[in-house]
Number of protein chains: 2
Amino acid sequence: MNISEVAKRAGIPPKTIRYYEEIGLVAPPRDTNGYRAFRDSDMHKLAFLSRARALGFTIENCRTLLALWEDQDRASADVRALARDHLKDIEAKITDLEEMRDTLSSLVKACAGDDRPDCPILKSLGNAKL
Amino acid sequence: MNISEVAKRAGIPPKTIRYYEEIGLVAPPRDTNGYRAFRDSDMHKLAFLSRARALGFTIENCRTLLALWEDQDRASADVRALARDHLKDIEAKITDLEEMRDTLSSLVKACAGDDRPDCPILKSLGNAKL
DNA sequence: CTTGACCTTCCAGTGACTGGAAGCCCTATA
DNA sequence: TATAGGGCTTCCAGTCACTGGAAGGTCAAG
């Protein structure tokens, strides 16, 4: 399978797949013409990566997850720990963003948004008392 | 005022302040010894930047906001439009993260997390049917 | 006069790609 | 058989917003 076909199936741009090879996440063999010849196993790895990335795992965590996936003797506790840590990160990010959203949305509501210069948003950014 | 004093007051690391100067967000004059001599106005700009960044505005948006802040003839509509766009971005991000959180949390709950290899998390990442 | 805490500049690295240039390879059609 | 197009390759550079570190000048205290 050539790269664009794999890209389509895994939902990852060819550029990204080449990048994944560069950092050692996949290692497809080459045809005599130098083209990457993806096997089914490469394809599956890339699909795995695509889904792990979609869940927000970092590349390094994806690397670990892939290794655990391939390790028949893994302990599910290791996988779970990784996922739980990541879940915490996500929850923290959500909390941060919600605070931003709340502040920002109340400022936007308070702003007339007309052609006059008076603006609570700028006022708030200019004064310490948020 | 020297850089570390400003850093403390504005809540921005000295390195970041130097970076902000490099990209033209502030332009403190220099003492004869080459040290940056921050004026009150520089200090206020940096405090403004600190708060705008805390609300998640990009550097380029901060630049625009700063310009609007300094422009006595601005229209509050411009500020509000910027803020509303940013608010939308934040809300979209929250939605994405919430979806990740929900998927991940259900996977974590389904995983025994013991020393056996059987793991719904890896199973889910390995199969298309999420 | 030395110590240590400042300050300066410059260079490089982060994460995870992404864009673009230059050039080979393959297939189909005129 | 020439050529046009697409796809493939590599390599270099840029993104965003810093951050770390090295090498060296400056300042105040003891």
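The sequence lines fix the lettering, A, B, ..., with proteins before strands; numbering per chain opens at 1.
For the pair A:Tyr35 OH and C:dC24 P, the computed distance is 12 Å after rounding to whole Å. The CD-C1' distance, from B:Glu60 to D:dA17, rounds to 11 Å in whole Å. To the nearest angstrom, P of D:dC16 lies 14 Å from CG of B:Asp89. Computed from coordinates, the B:Asp31 CG to D:dC27 P distance equals 9 Å when rounded to whole Å.
Salt bridge annotation for A:Asp96-A:Lys93: absent, with no cationic side-chain nitrogen under 4.0 angstrom from a carboxylate oxygen. Classification of B:Asp114 and B:Arg116 as a salt-bridged pair holds, one side-chain N sitting under 4.0 Å from a carboxylate O. Remark: A:Arg18 does not engage A:Glu21 in a salt bridge, criterion side-chain N to carboxylate O under 4.0 Å.
At the phosphate of D:dT10, OP1 or OP2 sits under 4.0 Å from a side-chain N or O atom of A:Arg30. Residue A:Asn33 has a polar side-chain atom (N or O) positioned under 4.0 Å from OP1 or OP2 of C:dC26. Contact annotation: B:Arg36 side-chain N/O to C:dC6 OP1/OP2 distance is not under 4.0 Å.
In this view, B:Arg80 satisfies the side chain to side chain donor-acceptor pair (under 3.5 Å) rule with no residue, not counting sequence neighbours.
Near DNA chain D, meaning a heavy atom under 4.0 Å away, the residues from residues 1-28 of chain B are B:Pro13, B:Lys15, B:Thr16, B:Tyr19, B:Tyr20.
Positionally, the nearest nucleotide of DNA chain D for B:Ile59 lies more toward the 5' end than for the other of B:Ile59 and B:Thr32.
Between A:Thr64 and A:Asp78, the closest side-chain pair of non-hydrogen atoms is not below 4.5 Å. Here the side chains of B:Leu104 and A:Phe57 are in contact, with some heavy-atom distance below 4.5 Å.
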